[in-house]
Amino acid sequence: MSACLLCGSARHAPLFQASDRLYHTTAKEFAVVRCGDCGLLRLDPQPAPEELRLYYPDNYWFAPGQSAVSRLAEAYRRLVLRDHVRFVEQALRHSQARGPLLDVGCGGGLFLGLMRRRGFRVAGLDFSPAAAAIAWRQQQAPAVCALLEHAPFRAQSLAGITMFHVLEHLYDPRAYLAAAHKLLAPDGRLVVQVPNAGSWQFRLLGPSWNGMDVPRHLFDFRVCDVEKLLVSEGFRVVRRKYFSLRDNPAGLASSVAPSLDPMARQVRRVPESSAAQLAKDLIYFALVLASLPFTAAEAACRAGSTIMIEARRP
Ligand SMILES: [Zn+2]
């Protein structure tokens with residue numbers, strides 16, 4: 001019997017069964033349960049590491065190619081990353097800490113490239129050696145492939161650490177928060193972003209909500225869950241943001257039509273003619289645009305489908 005990450009309770013109730021809706025890496029069903037004491041949602045039982053690895057496709061992160069469509073996709077990704085860039089920039093400008101910004105789970109490094117161009121010293125960390133290599137080559141962002149606990153940085157040497165969509169994938173999110181606390185200089189800032197299990201999208205769509213991402217998400221946090229974790233690892237919460245132009249509208253579009261999700265089609269290597277590809281991309285983009293008003297409304301009511309939290313290391 002597994003215990004709750006947050007409160008240690010073994011009491012839990014089944015919520016629903018779900019499979020890999022997005023990438024179809026397996027037909028197996030997984031159980032999502034709710035802690036009987038604090039209400040944190042989790043996958044239970046968790047797949048073992050050698051099994052979980054099979055549910056991460058090789059090309060899980062985005063790497064821009066040289067074609068016109070690919071360059072257009074990268075321009076779009078730069079544009080929709082502006083919420084992340086502005087949020088982190090404001091966090092770092094208000095901090096007295098000096099040192100580089102480390103992005104944990106940096107993928108191809110697009111975010112780091114944008115921060116570097118704004119004058120910040122940057123570094124990246126990723127599970128994938130191929131992703132780290134791309135971050136280096138295409139974004140001139142030095143990146144290493146390591147666990148945060150073993151990252152090659154001195155204690156208290158970093159001004160900022162970002163973890164976008166990382167905590168929900170980890171067996172032990174506490175270990176990463178503790179490692180971040182150790183690496184940050186006093187007054188350094190940690191910015192975490194996770195899907196929000198307290199969102200309208202989750203209440204409306206349940207197991208069909210893209211933010212569950214079964215079986216890759218081992219935990220499904222609400223704002224209060226993340227903040228409890230942060231506080232218990234020695235951080236102080238400074239600021240929250242419930243809207244992300246990159247994640248919230250696209251998340252709703254992918255919940256409604258997972259088979260149109262461009263990343264899922266790429267990962268699943270769906271055979272399609274260039275005309276079909278263009279048509280699907282355009283329909284998906286129209287769905288993303290149509291999702292904007294709803295996602296703006298849920299975010300305005302503090303029930304956005306993602307939450308970005310700035311926390312200070314005292
Ligand atoms: Zn609990």
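Both ligands and their constituent atoms are indexed starting at 1 by order of listing.
Atom CZ of Phe285 sits in a sparse spot, with 12 or fewer heavy atoms from other residues, nucleotides or ligands closer than 6.0 Å.
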Kindly list each side-chain donor-acceptor pair under 3.5 angstrom involving residues 103-115, sequence neighbours excluded, with atom names and distances?
unit_1 : atom_1 : unit_2 : atom_2 : d
Asp103 : OD1    : Thr162 : OG1    : 2.7

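Residue Ala178 comes nearest to Glu233 through the heavy atom pair CB-OE1, 3.7 Å, listed as atom of the first residue, atom of the second, then distance.
The cationic group of Arg312 does not satisfy the cation-pi geometry with Phe235, failing either the under 6.0 Å distance to the six-membered ring centre or the 45° limit from the ring axis.
Defined by atom type and a distance below 3.5 Å, a donor-acceptor pair is present between the side-chain atoms of Asp37 and Ser9.
Below the 2.8 Å limit, the Zn ion (ligand 1) has as protein N, O or S neighbours Cys4 SG, Cys7 SG, Cys35 SG, Cys38 SG.
Taking a cutoff of 4.0 Å between a charged side-chain nitrogen and a carboxylate oxygen, Asp20 and Lys28 do not qualify as a salt bridge.
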